[in-house]
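Before any comments, here is the structure.
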Amino acid sequence: MADREEVIAKHKAERKELLAECQKLKHGIPKGDKKRKKEVMEQVARLEAELEARQKQELLELDTQKDPVVDGVVEAVSNLTTAEDTPVLDGAAADGIMPQQQQPKKTSRAQKRRDKKSAKERERDVRLKEAAVENLLGPRHQENLKLQSLLAQRGLKVYQIPSDGNCMYNAVKHQLSQRGLQETNESLRQKTAAIMRSKQDDFLPFLTHPETGDPYTPEKFEEYCEELVSTPAWGGHLELRAMSEALTIRMEVVQAEGPRVTVGEDYTGPPIILVYHRHALGLGEHYNSVVERGPDDEDEDDDETAR
């Protein structure tokens with residue numbers, strides 16, 4: 001049986017493989033083919049959901065096998081019976097004697113329905129307990145606790161951004177709006193692509209084909225920039241660098257694993273702060289924004305820790 005670190009490493013590799021596969025699917029969309037684009041995005045969403053569900057199940061099985069307390073709970077719930085499930089025997093039957101004239105009663109349809117309902121309720125109880133174990137032991141929950149602690153030290157908390165491929169741009173947009181600066185997801189993408197195109201030599205060397213590892217050609221780089229503008233392509237460190245330069249604003253990324261990452265160090269003034277989640281979604285990566293903590297947030301943290 002593989003230990004947890006091995007399973008997490010395998011999951012990380014699987015997410016990278018799926019990311020490469022999804023990028024290949026997106027790059028294969030003919031320009032202007034909206035129908036094909038919709039089909040590909042639906043396929044990508046399905047692949048992500050399937051991978052997330054399988055990996056969650058693998059972690060759950062690993063955790064429950066290593067935790068005798070959880071094993072006991074699940075086994076106890078699985079073995080629960082109701083009065084309807086346990087036949088009541090008379091004295092002779094209890095002694096192992098079945099009177100000749102007494103024949104086993106045929107189960108009625110109503111009884112079968114009750115038995116089926118009872119079995120579903122027991123299964124539901126098991127699933128609820130499994131979900132509770134997963135929430136406490138899973139990497140997503142542990143990452144959220146660490147991020148919550150890091151942000152609390154700075155008087156901040158996470159502000160949730162939708163996970164639609166535009167999360168990094170919309171997180172920056174939210175941060176700018178708190179400063180009275182108005183941008184849209186589209187304008188931020190356009191400004192980012194413009195910087196990357198104007199300084200191709202600074203960005204092209206860091207882009208490679210996800211499958212072959214070959215460096216991008218100038219033509220492929222132009223396709224990449226066009227996709228950045230016209231599709232909900234996920235943004236990463238390169239796009240963050242370009243956006244920082246386009247806005248002349250320093251940006252800081254807080255993450256649970258590893259130190260804070262800063263881009264645009266030469267710019268003065270308070271930085272835009274983003275939160276990077278490795279385990280938030282099926283593919284792992286997601287960006288959120290932050291807001292200042294209020295007086296009621298400490299009580300909510302206590303409740304969350306208790307859960």
Side-chain angles (χ1 to χ4, degrees), residues 1-29 37 39-63 134 137-144 146-147 161-169 171 189 192 196 203-217 220-221 223-228 231-243 253-261 263 274-288:
M1 185 66 183
D3 61 27
R4 187 177 183 84
E5 290 185 359
E6 292 175 340
V7 172
I8 291 175
K10 179 175 77 73
H11 286 180
K12 185 175 180 180
E14 290 173 346
R15 288 194 294 270
K16 286 185 177 180
E17 292 175 0
L18 180 56
L19 179 59
E21 180 180 352
C22 292
Q23 291 287 4
K24 181 180 178 182
L25 289 171
K26 292 177 182 178
H27 286 308
I29 301 175
K37 177 181 176 181
E39 292 174 349
V40 168
M41 297 308 293
E42 291 176 349
Q43 182 180 0
V44 168
R46 176 176 55 79
L47 291 172
E48 292 176 4
E50 290 175 352
L51 179 64
E52 180 181 18
R54 180 173 60 77
Q55 290 186 346
K56 287 170 63 177
Q57 183 61 31
E58 290 177 359
L59 284 174
L60 178 59
E61 291 175 356
L62 180 66
D63 291 332
E134 179 183 359
L137 302 179
R140 182 183 304 179
H141 180 71
Q142 296 300 319
E143 180 181 52
N144 286 339
K146 181 67 180 296
L147 288 170
I161 298 295
S163 54
D164 57 1
N166 298 309
C167 59
M168 186 183 75
Y169 302 97
R189 283 183 174 275
T192 300
M196 295 182 72
F203 295 95
L204 176 58
F206 297 96
L207 290 169
T208 59
H209 288 272
E211 285 190 338
T212 64
D214 294 334
Y216 270 20
T217 62
K220 189 65 178 176
F221 178 77
E223 291 180 15
Y224 182 91
C225 292
E226 179 58 31
E227 183 180 89
L228 188 161
T231 73
W234 190 86
H237 185 73
L238 291 181
E239 288 79 8
L240 203 62
R241 279 177 49 198
M243 194 172 2
V253 180
V254 178
Q255 54 184 346
E257 303 171 14
R260 295 195 301 266
V261 177
V263 295
L274 306 182
V275 184
Y276 176 65
H277 301 256
R278 281 183 170 82
H279 307 293
L281 304 172
L283 289 181
E285 298 88 353
H286 179 63
Y287 285 94
N288 276 320

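All values derive from a computational prediction rather than experimental measurement. Note that the numbering runs from 1 along the sequence shown for the chain.
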Quiz item: What residues, two or more places apart in sequence or in another chain, satisfy ring-ring contact (aromatic ring centres under 6.0 Å, His included) together with Y169?
Solution: none
Quiz item: Does E17 have any salt bridge (Lys or Arg N to Asp or Glu O under 4.0 Å) partners at least two apart in sequence or in another chain, and if so, which?
Solution: none
Quiz item: Do the charged groups of R54 and E50 touch, with an N to O distance under 4.0 Å?
Solution: no
Self-check item: Parallel, tilted or perpendicular: rings of Y224 and Y216 (30°, 60°)
Solution: perpendicular
Quiz item: Is the shortest distance from a Lys or Arg side-chain nitrogen in K26 or E227 to a carboxylate oxygen in the other one below 4.0 Å?
Solution: no
Exercise. For H237, enumerate each residue passing the ring-ring contact (aromatic ring centres under 6.0 Å, His included) test, keeping only those at least two apart in sequence or located in another chain.
Key: none
Practice problem: Under the salt bridge (Lys or Arg N to Asp or Glu O under 4.0 Å) rule, collect the residues that match up with R260, sequence neighbours excluded. | Solution: E252
Quiz prompt | Under 3.5 Å side-chain donor-acceptor pair for H27 and E223 | solution = no
Exercise. Mind checking salt bridge (Lys or Arg N to Asp or Glu O under 4.0 Å) for E21 and listing every partner two or more places apart, or none if nothing turns up?
Key: none
Quiz item: For H277 and N288, which heavy atoms make the closest approach, and how far apart are they?
Solution: NE2-ND2, 3.1 Å
Self-check item: Test side chain to side chain contact (heavy atoms under 4.5 Å, CB included) applied to K146 - qualifying residues, sequence neighbours left out
Solution: L150, A256
Self-check item: Close side-chain approach of V40 to V44, heavy-atom, < 4.5 Å
Solution: yes
Quiz prompt | NZ/K10: more than 12 non-hydrogen atoms of other groups inside 6.0 Å | solution = yes
Practice problem: Answer yes or no: is there a side-chain heavy-atom contact under 4.5 Å between V261 and L240? | Solution: no
